[in-house]
2 protein chains.
Amino acid sequence: MRTSALVQRLDRYIKLTPAERDALDWAERRETKVPAGAKLLIEGEESNTLFVVQMGWFHAAIRLANGGRQILRFHFPGDLMGTSSMAWAFAVHDFTAVSDCIVSELSKPNLGRIFREQPRLAGMLFAMSAAENVALSDRLTSIGRMDSVERVSTLILDVLARLRVTAGGVVDSFDFPLTQTDIGDAVGLTKVHVSRTLGKMEDQGLIERNGKRVKVLDEARMITMTGFIDRYHEIDSEWLITAEV
Amino acid sequence: MRTSALVQRLDRYIKLTPAERDALDWAERRETKVPAGAKLLIEGEESNTLFVVQMGWFHAAIRLANGGRQILRFHFPGDLMGTSSMAWAFAVHDFTAVSDCIVSELSKPNLGRIFREQPRLAGMLFAMSAAENVALSDRLTSIGRMDSVERVSTLILDVLARLRVTAGGVVDSFDFPLTQTDIGDAVGLTKVHVSRTLGKMEDQGLIERNGKRVKVLDEARMITMTGFIDRYHEIDSEWLITAEV
DNA sequence: CGGACAATTGAATGACCTCAAAACAAGTGG
DNA sequence: CCACTTGTTTTGAGGTCATTCAATTGTCCG
């Protein structure tokens with residue numbers, strides 16, 4: 001069996017001990033395939049598990065009273081999906097596969113056991129979820145205080161940063177499987193305006209498009225424009241191992 | 001010495017054991033006063049501690065390249081502030097006292113020790129921070145997809161829900177120490193438009209204002225309008241104690 | 001070749017913003 | 001107690017960016 005993407009991710013930040021790897025191996029179950037467009041979990045549904053993305057992209061979204069939708073996060077290989085629902089017995093968001101995906105399950109009680117027996121892993125998961133939430137704050141800031149070009153730029157930079165965590169090397173172009181409706185639901189714009197905005201970004205020489213493929217041409221300008229910070233590059237775990245006082 | 005607001009908060013969700021109380025007592029240090037308007041921590045500053053709010057309100061904000069500001073969260077007594085910075089050695093947000101406050105410190109290494117020795121507390125903190133982040137998602141949704149009246153309503157309902165966690169009984173009016181500039185920075189509007197929006201909400205019979213005091217007149221309508229859900233009322237911790245498989 | 005989505009484009013409307021001035025509130029020092 | 005300062009809130013007028021509605025083009029797949 002291939003090593004879990006979660007193990008690889010954690011191992012990227014801290015060197016895992018064999019015991020820790022075993023604990024994760026034991027906790028993770030049942031790989032399943034999820035085809036593009038399918039919903040893994042529906043908001044409000046009872047749920048006792050988290051999911052580890054092994055392959056593909058997901059997004060987490062919430063539905064509105066008026067029929068609208070807000071996409072909150074994107075999940076990539078190595079992400080532990082569903083930590084937001086840890087405080088309740090039901091799912092607080094929808095999870096939809098953006099591309100064809102493979103996930104494995106990690107039940108909440110199994111996570112509980114990890115908390116009891118592998119505190120370093122627990123701490124690392126805590127820190128990683130903190131990082132993810134700061135990225136969420138960044139997007140909130142983008143939506144609350146920036147115009148359309150800046151919002152879409154933030155999204156693209158964010159995706160780029162996430163892809164680089166797994167890809168290793170430098171990535172400057174990627175397949176963007178989202179429809180413009182999806183992009184709009186993620187950054188708080190209508191699909192019509194997303195279309196105009198992408199066009200404008202091309203005119204300004206920020207990006208280039210070929211079908212679903214996006215190439216970032218002027219990353220530096222996009223970064224200064226948005227104040228983007230890559231929150232995934234580094235995760236500090238000093239506090240976990242510092243000698244006791 | 002008074003029992004820490006964090007202990008009270010945790011005790012509200014799970015009954016703490018004496019050992020757990022001791023661990024928290026040991027970990028929390030130095031109460032300090034922070035006058036209204038003062039900054040407890042500045043974005044980018046090196047920081048090795050979290051803070052427990054014992055009294056008063058804080059807000060967490062991030063500064064923008066263009067001089068603007070986005071207020072991300074509000075922190076109330078019993079909140080553990082700064083968990084978002086767990087993944088780095090520096091603060092990712094400003095923390096500003098909205099009213100006169102008292103805080104105590106909880107160093108990151110001490111939190112590390114809690115993770116090692118009190119897994120149930122660690123799990124509970126994880127779940128609580130998840131709940132907080134869902135509330136943040138809710139605000140993102142509000143900013144991304146709702147109009148001004150709905151955004152301000154969401155904010156007021158959110159504050160109300162937070163106050164009720166500590167106050168115990170039902171609260172329907174409270175002192176709102178924020179300026180309209182602050183409100184605008186929290187919900188993504190200009191202060192001018194916040195003024196107009198609050199006026200409109202009064203006209204519509206949603207709220208009533210006397211100076212800084214706000215009374216919610218039609219909570220039901222505000223809730224249906226925004227689809228607001230109180231994320232703080234209940235925290236599930238079943239997964240922490242479920243028997244091992 | 002159709003059929004279903006997705007993307008683009010245009011025109012008109014509207015929500016929120018900017019700029020600017022005035023009214024109000026609270027504190028400070030004379 | 002009043003004049004003055006500083007900051008907040010309110011109100012008005014005009015401008016801008018994003019939305020809405022509607023029609024057209026493009027793309028993928030059966």
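In what follows, every chain begins at residue 1, and chains take the letters A, B, ... in the order their sequences are listed.
Residue A/N66 contributes atom CG, which lies 13 Å from atom P of D/dT19 at whole-angstrom precision. To the nearest angstrom, P of C/dA7 lies 15 Å from CG of A/N210. Rounded to an integer number of Å, the gap from CD1 of B/I143 to C1' of C/dA15 is 16 Å. With rounding to whole Å, B/D147 atom CG is found 17 Å from D/dA18 atom P.
When heavy atoms are screened at a 4.0 angstrom cut-off, A/K200 is found touching no nucleic acid atom at all. Backbone-only engagement by A/G188 is indicated by non-hydrogen atom pairs under 4.0 Å involving sugar-phosphate atoms exclusively. No engagement by A/R151 is indicated, since no non-hydrogen atom pair under 4.0 Å with the nucleic acid exists. B/L189 comes within 4.0 angstrom of the backbone, heavy atoms only, and of no base. Among the protein residues, B/V194 comes within range of no part of the nucleic acid, since none of its heavy atoms lies under 4.0 Å from any strand.
One N or O donor and one acceptor, one from the side chain of A/R196 and one from the base of D/dT20, sit under 3.5 Å apart.
Nucleotides of DNA chain C nearest to A/L178 and B/H193 differ in position, and the one nearer the 5' end is that of A/L178. Residue whose closest nucleotide on DNA chain C sits further toward the 5' end, between A/R145 and A/Q180: A/Q180.
Using modelled atom types, no side-chain atom of A/E31 and backbone atom of A/S104 make a donor-acceptor pair closer than 3.5 Å.
Contact between the side-chain N/O atoms of A/S195 and the OP1/OP2 oxygens of C/dA7 is not found at any separation under 4.0 Å.
Under a 4.0 Å N-O distance rule, the pair A/R69/A/D182 qualifies as a salt bridge. In summary, A/R9 and A/E132 do not engage in a salt bridge, as defined by a charged side-chain N under 4.0 Å from a carboxylate O.
When every heavy atom of A/T141 is checked against every heavy atom of B/L72, the shortest pair comes out as OG1-CD2, 3.8 Å. Taking both residues in full, the closest heavy atoms of B/E43 and B/A61 are given as OE1-O, 4.5 Å, listed atom of the first, atom of the second, then distance.
Minimum atom distance to the side chain of A/K212 is reached by C/dA7, of the listed D/dT9, D/dG12, C/dA7. Checked against C/dT8, D/dT20, C/dT18, the side chain of B/T190 finds its nearest nucleotide in C/dT18. Among the nucleotides C/dC16, D/dT9, D/dT11, the one closest to the side chain of B/T179 is D/dT9. Here D/dA18 is the nucleotide among C/dA7, D/dT8, D/dA18 with the atom lying nearest to any side-chain atom of A/S148.
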